[in-house]
A.B. asks: 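After the structure tokens below, expect a handful of questions from me.
On a predicted model such as this, the values are computed, not experimentally measured, just so you know. Quick note: numbers below take in every heavy atom, side chains included, and nothing from hydrogens, waters or symmetry partners.
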Amino acid sequence: MPTCGRSLIASLCLLLPLTAHAQTPAPAPSPAPLTIRLGNADFRLGGFLDAEAFVRSTNVGSGLATTFGTIPFENTPAGNLSETRLTAQQSRVNLLATTTLGSATVRGFFEVDFLGNGPGNAFVYANSHTVRLRHAWAQYARGGYEFTAGQTWTLLTPNRTGLSPVSADVLLSQVLDANLQLGLVWARQNQFRLVAHPAGNVAAGVSLENPQPFVGSAVVLPEAFPAGQVDAGSTPGAPSPYPDIIGKVAFDPNIGQRHQHLEAALVVRGFRTYDPVADTTFSTTGTGVSVGAVIEPVRNISLIGNAFWSSGGGRYMIGQAPDFMVNADGSPSPIGSTSVLGGVEAQVRPMTMLFAYYGTVRIDQKVASDAGTPIGYGVAGSTSANRSIDETTVGFNRALVREAAKGAVHLIFQYSYVKRTPWSVPDGAPTSAHAHMFFVSARYILP
């Protein structure tokens with residue numbers, strides 16, 4: 001745990017997950033400097049200002065958020081051109097409201113950044129970036145139960161502590177990439193989540209979350225299939241029969257003053273398509289299971305592991321894998337995929353953290369025939385249908401200044417190597433694509 005004051009921890013707990021959290025109960029912290037009390041409610045302003053630069057050895061062209069599945073090949077123009085960008089888009093502003101209703105605690109949280117879809121000439125002269133909603137949720141907690149409604153991290157995202165939606169309690173890695181770390185299972189979406197705490201170190205929850213039937217651009221659809229029924233990468237209104245259902249249990253024992261976290265989760269999803277020619281509706285179910293752990297074998301060193309196996313859960317792998325393909329008769333067929341993350345975070349000095357991660361996504365090949373034309377995922381000659389994508393990341397987070405009443409200034413550095421391997425490439429083409437990526441940030445965190 002960093003040696004910073006409790007009031008600073010309180011002000012940063014929703015902003016940047018720097019280290020493991022407090023291992024023993026502590027007295028209630030005094031209000032953060034940017035807290036305003038109105039009536040019976042506390043309103044706390046938070047966020048950070050981020051001056052960030054990134055360099056990639058190939059022109060991925062995706063901005064600050066790396067699209068891992070489209071790393072260009074070295075025999076293309078994009079594969080021979082590097083890209084460099086300076087941006088403040090990842091700066092964030094948030095507001096936390098806290099009050100009580102009888103014996104219940106009520107919280108509301110709202111957060112935005114500037115990574116929304118901007119105008120085509122955004123980088124020409126004004127750099128006028130679009131505000132983007134990150135979080136908008138409210139929580140009612142009473143006794144051993146919590147009910148959360150609104151947009152926040154999916155319950156499927158691995159936690160560091162319990163089943164909390166608060167960013168500091170979620171395993172988001174320390175990386176600067178806006179798409180975080182490959183191998184991490186995550187989404188931010190609207191949900192209704194109920195969590196129970198049957199014991200002090202045990203939590204169990206279920207969440208109904210916004211669905212999306214994602215196939216992506218790499219799945220070849222039947223020629224006569226109405227493509228608007230699925231999300232091929234640009235259909236946000238694609239229909240779904242019911243919400244994604246996610247259940248999760250977590251166990252948080254303490255060994256001495258070292259915090260440990262173990263968890264397991266299950267997701268069930270529904271897919272439905274319609275063939276207008278045969279006037280037939282088809283349905284199928286996608287499922288996935290995950291297990292994860294954040295273990296502290298010695299003080300200030302955390303070992304991280306998470307694995308997600310799915311048949312129809314690809315969109316939770318940062319959209320790098322499809323959920324399903326569509327057969328020639330219009331019926332959906334789930335595609336298997338696996339996502340694995342491992343890493344270490346070491347607080348080597350009170351103001352310095354080192355981190356390293358390895359993540360991979362593996363996607364099954366699934367093809368069929370539509371009147372002799374190959375369809376599905378991984379058809380011959382398709383360089384966009386990936387068999388595997390791998391990312392290795394190392395970096396450090398150095399606090400240059402840290403004062404409870406004034407905030408903190410951090411210097412953060414990240415290097416990543418990404419490699420993607422398609423199921424099929426044309427004769428004479430490279431068998432894989434790769435990129436070296438460097439990120440650096442000077443970040444001022446509000447007190």
Side-chain angles (χ1 to χ4, degrees), residues 58-62 65-79 179 182-185 212-225 227-235 238 269 271 273 284 286 288 308-340 359-391 417-435:
T58 60
N59 183 21
V60 178
S62 59
T66 303
T67 52
F68 302 104
T70 59
I71 301 296
F73 288 92
E74 61 184 20
N75 64 340
T76 65
N179 261 343
L182 190 73
L184 182 64
V185 177
Q212 185 71 356
F214 177 73
V215 299
S217 59
V219 170
V220 179
L221 299 170
E223 183 177 2
F225 180 73
Q229 300 183 52
V230 299
D231 183 1
S234 59
T235 314
R269 312 183 63 203
F271 307 121
T273 56
T284 191
F308 177 51
W309 301 271
S310 84
S311 176
R315 84 169 177 95
Y316 285 100
M317 302 174 187
I318 326 179
Q320 305 306 307
D323 294 332
F324 59 90
M325 64 163 287
V326 179
N327 297 303
D329 62 357
S331 61
S333 183
I335 294 176
S337 53
T338 302
S339 180
V340 177
T360 184
V361 171
R362 306 298 170 100
I363 311 165
D364 293 348
Q365 184 182 41
K366 198 160 194 175
V367 297
S369 176
D370 177 26
T373 301
I375 57 174
Y377 185 80
V379 301
S382 173
T383 60
S384 60
N386 295 308
R387 180 175 186 171
S388 63
I389 318 172
D390 302 272
E391 181 183 24
Y417 174 75
V418 181
K419 177 181 178 181
R420 74 175 184 97
T421 304
W423 275 102
S424 175
V425 294
D427 292 339
T431 58
S432 63
H434 62 89

A.B. asks: State, yes or no, whether a side-chain contact exists between Y377 and I363 at a heavy-atom distance under 4.5 Å.
C.D. replies: yes
A.B. asks: Assess whether atom CD of Q365 is packed by more than 12 heavy atoms of other residues, nucleotides or ligands within 6.0 Å.
C.D. replies: yes
A.B. asks: Could you check whether any side-chain N or O of Q320 sits under 3.5 Å from a backbone N or O of G69, counting only pairs where one atom can act as donor and the other as acceptor?
C.D. replies: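 A pair under 3.5 Å: yes.
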A.B. asks: Under 3.5 Å, is there a donor-acceptor pair between the side chain of D329 and the main chain of S331?
C.D. replies: yes
A.B. asks: Nearest 0.5 Å please: distance from the CG atom of D390 over to the OG1 atom of T421.
C.D. replies: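 D390 atom CG to T421 atom OG1 measures 6.5 Å (nearest 0.5 Å).
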A.B. asks: State, with a plain yes or no, whether a side-chain heavy atom of F225 is found less than 4.5 Å away from one of I375.
C.D. replies: no
A.B. asks: So which heavy atom on A218 is nearest to which on S382, and how close?
C.D. replies: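 Heavy-atom minimum between the residues: O-OG, 4.4 Å.
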A.B. asks: Quick one: does any side-chain atom of T58 pair with a main-chain N or O of G79 as donor and acceptor, under 3.5 Å?
C.D. replies: no
A.B. asks: Which heavy-atom pair separates V219 from V215 by the least distance, and what is that distance?
C.D. replies: CG2-O, 3.2 Å
A.B. asks: Given 3.5 Å as the limit, does a donor-acceptor pair link the side chain of D231 with the main chain of G233, or not?
C.D. replies: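 The answer is yes, because a donor-acceptor pair under 3.5 Å joins these two groups.
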A.B. asks: Of the non-hydrogen atoms in S337 and A321, which two are nearest, and what is the gap between them?
C.D. replies: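 That closest heavy-atom pairing would be CB-CB, 4.0 Å.
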A.B. asks: Does V185 offer a backbone N or O that forms a donor-acceptor pair with the side chain of S339 under 3.5 Å?
C.D. replies: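 Side chain of S339 to backbone of V185: no pair is present.
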A.B. asks: With the side chain counted from C-beta on, respond yes when V361 and I318 share a heavy-atom pair under 4.5 Å apart, and no when they do not.
C.D. replies: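 Side-chain contact under 4.5 Å: no.
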A.B. asks: Measuring from atom CD1 of I389 to atom CZ of R362, what distance do you get when rounded to the nearest 0.5 angstrom?
C.D. replies: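 Output value for this atom pair is 10.0 Å.
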A.B. asks: Measuring from atom OG1 of T70 to atom CZ of R420, what distance do you get when rounded to the nearest 0.5 angstrom?
C.D. replies: 7.0 Å
A.B. asks: Is a side-chain N or O of N75 found less than 3.5 angstrom from the main chain of P430, in a donor-acceptor match?
C.D. replies: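 Not at all, since once roles are kept as given, no pair shorter than 3.5 Å links the two residues.
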A.B. asks: Does any part of the side chain of R269, heavy atoms only, come nearer than 4.5 Å to the side chain of D323, both counted from C-beta?
C.D. replies: yes
A.B. asks: Using side-chain heavy atoms (C-beta onward) and a distance below 4.5 Å, is F271 in contact with V230?
C.D. replies: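 The answer is no, as the side chains (C-beta and beyond) never meet within the 4.5 Å cut-off.
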A.B. asks: Is the shortest heavy-atom distance from the side chain of T67 to the side chain of V60 under 4.5 Å?
C.D. replies: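 Yes. Closest side-chain heavy atoms under 4.5 Å.
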A.B. asks: Nearest 0.5 Å, please: how far is OG in S388 from CH2 in W423?
C.D. replies: 9.0 Å
A.B. asks: Looking only at atom types and distance, does a side-chain atom of K366 sit under 3.5 Å from a main-chain N or O of P334, one as donor and one as acceptor?
C.D. replies: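 Here the side-chain-to-backbone pair exists.
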A.B. asks: Checking the side chain of T76 only, and the main-chain atoms of F73 only, is there a donor and an acceptor separated by less than 3.5 Å?
C.D. replies: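 A pair under 3.5 Å: yes.
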A.B. asks: Out of curiosity, Q212 CD to Y316 OH, how far, rounded to the nearest 0.5 Å?
C.D. replies: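 Rounded to the nearest 0.5 Å, the CD-OH separation comes to 10.0 Å.
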A.B. asks: Locate the shortest heavy-atom distance separating V425 from T431; write the atom from each residue and the value.
C.D. replies: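 Nearest heavy atoms, V425 then T431: CG2-CA, 4.3 Å.
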A.B. asks: Considering all heavy atoms of both residues, which atom of P422 and which atom of S432 are nearest to each other, and what is their separation?
C.D. replies: CD-CA, 4.4 Å
A.B. asks: How many angstroms lie between atom CG of D364 and atom CD1 of I335, to the nearest 0.5 angstrom?
C.D. replies: 8.5 Å
A.B. asks: For the residue pair P222 and A328, what are the closest heavy atoms and their distance?
C.D. replies: CG-CA, 4.1 Å
